[in-house]
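Accompanying notes for the structure given below.
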Amino acid sequence: MISKTYAPQDIEAKWYQYWLDNKHFASKPNPDKEPYSIVIPPPNVTGVLHMGHMLNNTIQDVLIRKARMEGKEACWVPGTDHASIATEAKVVAMLKERGIEKKDISREEFLKYAHEWKDKYGGIILGQLQKIGASCDWDRTRFTMEPSLYEAVIDTFVRLYNKKQIYRGVRMVNWDPLGKTALSDEEVIEKEIMAKLYYLQYPIVGSEGEFLTIATTRPETIMADAAICVNPNDERYTAFHGKTVMIPLLNREIPVITDEYVTMDFGTGCLKVTPAHDLNDYELGIKHKLPVLDILDDAGFLNEKAVLYVGQDRFAARRNIVKDLEEAGYLTKMEEYKSIVKTSERTGAVIEPKLSLQWFLKMEELSKPALEHVMNDDIKLYPSKFKNTYRSWMENVHDWCISRQLWWGQQIPAFYLQDGTIIVAKTKREALRKAQHEMQLFALTEEDLTQDPDVLDTWFSSWLWPISVFDGIENPDNEDISYYYPTNDLVTGPDILFFWVARMIIAGYEWRGELPFRNVYLTGIVRDKQGRKMSKSLGNSPDPLELIEKFGADGVRSGLLFSAPAGNDLLYDDKLIEQGRNFCNKIWNAYRLVEGWEVVNKQSELYNSIDIINIQAYGWFNSRINQTIVEIQDHFSKFRISDALLSLYNLVWDDFCSKYLEIIKPPFGEPIKKDILNSTIELFEKLMCLLHPYMPFITEEIWQALATREEGKSICRTEFPKGGEVNTEILESFEAMFEIITKIREIRNAKQLSPKIALPLAIKTDDEYIYKNMGIGLIIEKLANTETISYVSDKVDGAISFVVKADEFFITLEGELDVEAELEAAQKDLEYNLGFKKATEAKLANERFVANAKPELVERERQKLADAKNKIWVSSFILGSENLKIGNLGKAESHFRDFLSYEIGSDFRTFLYLGVILIEANKQQEGREMLLKALDEQPSRKDDHIGLILKNASDKNINYVRSVFPNYGVSPF
RNA sequence: GGGCUGUUAGCUCAGUUGGUUUAGAGCGCCGCCUUGACAGGGCGGAGGUCGUAAGUUCGAAUCUUAUACCGCCCACCA
């Protein structure tokens, strides 16, 4: 017995192991196949799977699985990033727990601990990726610190240094006092905070009682002040040009200088210049040759140069100095001030601008090809709006600070002689040789060389990733790199567009002379329902593994993708995942239905009508599949992954389950014919293949169950369905048919009739063939639950009617119709269609429209007009006859007259009813004409007609009516 | 301050070269339906003057301009 709901837990583990055992994800260069490769954005080795990874890697898996099924040599390279700051922080924390301080141990010891930590806790995320079904080639797993990748990084550093692209210099850098390292601009996050602006008085030397007042947010840095600066055009301060002032508390004398940099209308127009602790001040300092006084140590504590508050943390010092300044009377004002504070992305510490000696990579030349090839679409960004962002960054790119004051990472291969001479070489030995040979320092030993203690920025290794995973730096001509590079698609978040994507492109052109990937798909950021970024501290991030446990990997994957258009943030809601889970369940139950059918083999005469239905349904659904394949291929070509999934979702749920299966489903307890079961299984298999990239597990499970498969075979290596013929005729007739079915169901609903009651349906059509011989009629009977359809040539009196295309449908219900309601509905219908008719006619009368619009469009307008007229015609008739029925002769007359005026066709009863009405209204002459016209319409049925006339005439006029037809003898009365 | 997006149903979003007085989907909502694949379901339904204002056009959610908000990126106002 198959379980009633889809139970993913056992199924997923089973098939993932099966795929691994049969090496379905393994890839090696195959000249007979087109390569398709993706390198994973390497997660931090310290990382655990979060929703962002889930989304990102699902998209990659969809792409790679689809490519694999399309016969490409698909290779998805997994791996992890050593993440220097994050990992070092974890290791430091771990050591601290064990009572060990980093500063007390040697670099070697520390690295030993770090590697231990990495071996024990690192790379958890890779196992987690398997849970989501990621079809990576695990044998190719790489780590940015493993020897060959390490070597590649060192090598590129040396080569760039030799090309004079790397230099060492003193710069104002973003200093993280907690991590005690420099950060690149990209690693800094700006936060808006409410700060205080302090107004401080600096006494003017030689002018007792006079002050210059400055405004600052950092009063603790006054001890590092080198000058006070005012705008030369600021008349308030002209008198003070060339004077000096005293730093409060400290009583050190500093000059008043002038520079146009100072804005006159901010604060007091007076700026204190602190070259060591502010980038702008630093530049001012250089310009005006001011001394640089750095009063902070690496951890953000005041050093002895500060003289005051030495040994205090910068924030403590701020509190204290504010208090002292206030007491001494130098603080005149404090105001709230909205300001930006820079913080470290990794440690959260407030960044300190700090002068330090760092290594830089010149970016100007290197980045040129990277800009050009994105702008000319050699590399495409999805969505393309990021091209703008990319360009503005690239055009204003700054030199990249690549040194970090850490131990975990690739140590900078720069060696210093005692006199400070720098020798850059891959190893100490090489450096020594270089020193000996190039500088003739033969007496030198390795002891005399000191390696730079810093390591390289993590991104300085990950920018090589698409090359280094294939060993393309050290062995530039090896088989892997030649075959797989450039890779095809890169899937990542827009938050690392500059950090990583741009630099990979730069590296691609620098080291391979070509692009690293052709397409960059930038996913959105997963946010919570309120639009907040998911974060540990908010606790608003669900654990993907728990979700998988609860909803199944396929459910989570498809759920996330339902609402994940490229570049748009995704507001996560459990509802999405539920929807994915429900989709799995729907598929599962469709399978249960098909699986549960009993089969008959024998061809039997009795099954004739069923055959027609089945053949039609199969033909229709095949066309729908083919149509959808075209659609999803188009979506994929534009990286519209969500849209492709949605197309499939609708195809499976609405067309396959709600329509196709309902059509071919045998009545309860009855068997199904073998051939239709086989075609159904064939269709089901196709659907599973189409869905496999999105929902690998359930599709494998069902695919395996639908037929006997060879040992080791998997749907993931089965050919992705190619499109075929799309029969538009059958699609259109089915579309009309479903419209008819919906109308009937609507009537059933409106009349509150049980679905079990078969309704009598009559159709007035010029094309009975399509209903009778094409099986359409039979399907209507089955899906709308009608009695055997009758075909009529006249309108049916007293029936509920509706029109689809050119055909009219009548359902006669027992009991009185609600005339008022019918009238109201018909009236509404009439008005709508009259308006429609008017607009369309106006459009068609417009020569410019007919001349300029596409011919198909004009033709479609004409068709719509014809349909609308038909509907108007029907509504008018209903209004006329219903009004007649309730004795509203005047209204009835005018509706019938309208009816005739539309000249769409005629109907004998219109003439007839109108004739009687006119006679009743004492317009005998005209009435008589109408009655005769009625008879002319269908002379063969004269007797029926006269009977109807007499039935509708009142006693008063019966004789007159009779006199019109003197030869008609029998009175119905 | 500069630049770039976006603004469509109660919510989250589609809407691909302008073209039905009828702008779609999912969720949510309303009504009916439970022995029969699935209530994690079926069948129907309601709900939008497409941010605002002008303009171009035979025709505008779609193009132009202006404007208001949301968001993102960049930038040295202490």
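Naming convention: chains lettered A, B, ... in sequence-line order (proteins, then strands); numbering from 1 in each chain.
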Quantified in whole Å, what is the P atom distance between nucleotide rC30(B) and nucleotide rU35(B)? 24 Å
With a 4.0 Å limit, can you tell me whether T742(A) has a side-chain N or O closer than that to the phosphate oxygens OP1/OP2 of rC43(B)? no
Is L271(A) touching bases, backbone alone, or none of the nucleic acid, heavy atoms closer than 4.0 Å? base
Looking at K4(A) and rC38(B), is any side-chain donor or acceptor paired with a base atom of the opposite kind under 3.5 Å? no
E746(A) side-chain proximity, nearest of rG45(B), rC4(B), rA37(B): rG45(B)
Scan E395(A) against the nucleic acid and name what it touches under 4.0 Å (heavy atoms): base, sugar-phosphate only, or nothing. nothing
Mind checking whether F802(A) and F809(A) have parallel, tilted or perpendicular rings, split at 30° and 60°? parallel
Report yes if the distance between the aromatic ring centroids of Y649(A) and F562(A) is under 6.0 Å, otherwise no. yes
Please compare G269(A) and K638(A) by the position of their nearest nucleotide in RNA chain B and report the one closer to 5'. K638(A)
CD1 on I780(A) to CD1 on I740(A), rounded to 0.5 Å: 4.0 Å
Phosphate contact (rC33(B) OP1 or OP2) by K756(A) side-chain N/O below 4.0 Å: no
Counter-base of rG59(B), judged by Watson-Crick or G-U geometry with both distances under 3.5 Å: none
Does K575(A) have a side-chain nitrogen or oxygen under 4.0 Å from the phosphate oxygens OP1 or OP2 of rG28(B)? yes
Does rG15(B) have OP1 or OP2 under 4.0 Å away from a side-chain N or O of R640(A)? yes
Between rG28(B) and rG42(B), how far apart are the P atoms? Round to whole Å, please. 12 Å
P atoms of rA9(B) and rC50(B), separation to the nearest Å: 10 Å
May I ask you to evaluate whether K529(A) reaches the phosphate of rC11(B), defined as a side-chain N or O under 4.0 Å from OP1 or OP2? no
When we call it a touch if two heavy atoms are under 4.0 Å apart, what does R745(A) touch: a base, just sugar-phosphate, or nothing? sugar-phosphate
Regarding K586(A), tell me which of base, sugar-phosphate or nothing describes its non-hydrogen contacts under 4.0 Å with the strands shown. base
Need one value for S658(A): base, sugar-phosphate or nothing, where a base atom within 4.0 Å counts as base even if backbone is also close, heavy atoms only. sugar-phosphate
Knowing that exactly one of K272(A), H277(A), R318(A) qualifies, which makes a side-chain hydrogen bond (donor to acceptor under 3.5 Å, both in side chains) with T221(A)? K272(A)
Strictly below 4.0 Å: does N396(A) bring a side-chain N or O up to OP1 or OP2 of rA75(B)? no
Nearest-nucleotide pick for N280(A), side chain only, options being rC76(B), rC38(B), rG40(B): rC76(B)
With a 6.0 Å cut-off on the ring centroids, do F656(A) and Y660(A) count as close? yes
With sugar-phosphate meaning primed atoms plus P, OP1 and OP2, does V273(A) contact a base, only sugar-phosphate, or nothing at under 4.0 Å between heavy atoms? nothing
Would you classify N585(A) as touching base, sugar-phosphate or nothing, given that sugar-phosphate means primed atoms plus P, OP1 and OP2, and contacts are heavy atoms under 4.0 Å? base
Using the side-chain heavy atoms of Y6(A), tell me which of these nucleotides is nearest: rC43(B), rA37(B), rG40(B). rG40(B)
Both L576(A) and C657(A) contact RNA chain B. Taking the nearest nucleotide for each, which residue is further toward the 5' end? L576(A)
Look at the side chain of Q579(A) and the base of rA25(B), then say whether one donor and one acceptor between them are separated by less than 3.5 Å. no
What's the gap between rU62(B) and rU16(B) when it is taken at their C1' atoms, as a whole Å value? 11 Å
Roughly how many Å apart are rC38(B) and rC33(B), using the C1' atom of each and rounding to a whole number? 15 Å
Would you measure the distance from the C1' atom in rU8(B) across to the matching atom in rG47(B) and give it in whole Å? 13 Å
C1'-based separation of rG19(B) from rC63(B) [nearest Å]: 14 Å
Pairing partner (Watson-Crick or G-U wobble, both distances under 3.5 angstrom) of rC29(B): rG45(B)
Distance between P atoms of rU12(B) and rC70(B) (Å, rounded): 16 Å
Identify whether any heavy atom of Y261(A) sits under 4.0 Å from a base atom; if not, whether one sits that close to sugar-phosphate; answer base, sugar-phosphate or nothing. base
Could you tell me whether E335(A) and K196(A) make a salt bridge, using a distance below 4.0 angstrom between a side-chain N and a carboxylate O? no
Does rA66(B) pair with anything, Watson-Crick or G-U wobble, both distances under 3.5 Å, and if so, with which nucleotide? rU52(B)
Are a donor atom and an acceptor atom from the side chains of E701(A) and Y591(A) found within less than 3.5 Å of each other? no
Given rC33(B), rG40(B), rG44(B), which nucleotide is nearest the side-chain atoms of N582(A)? rG40(B)
Touch check for T5(A), heavy atoms < 4.0 angstrom, all strands: base, sugar-phosphate only, or nothing? base
Taking atom types as modelled and ignoring hydrogens, do the side chains of T5(A) and N585(A) form a donor-acceptor contact shorter than 3.5 angstrom? no
Can you tell me the base-pairing partner of rG18(B)? Count Watson-Crick or G-U wobble geometry only, both distances below 3.5 Å, and say none if there is no partner. none
For rC76(B), the Watson-Crick or wobble counterpart (both distances under 3.5 Å): none
Within the structure shown, what part of the strands sits under 4.0 Å from W653(A) by heavy-atom distance: base, sugar-phosphate, or nothing? sugar-phosphate
Phosphate contact (rA75(B) OP1 or OP2) by H398(A) side-chain N/O below 4.0 Å: yes
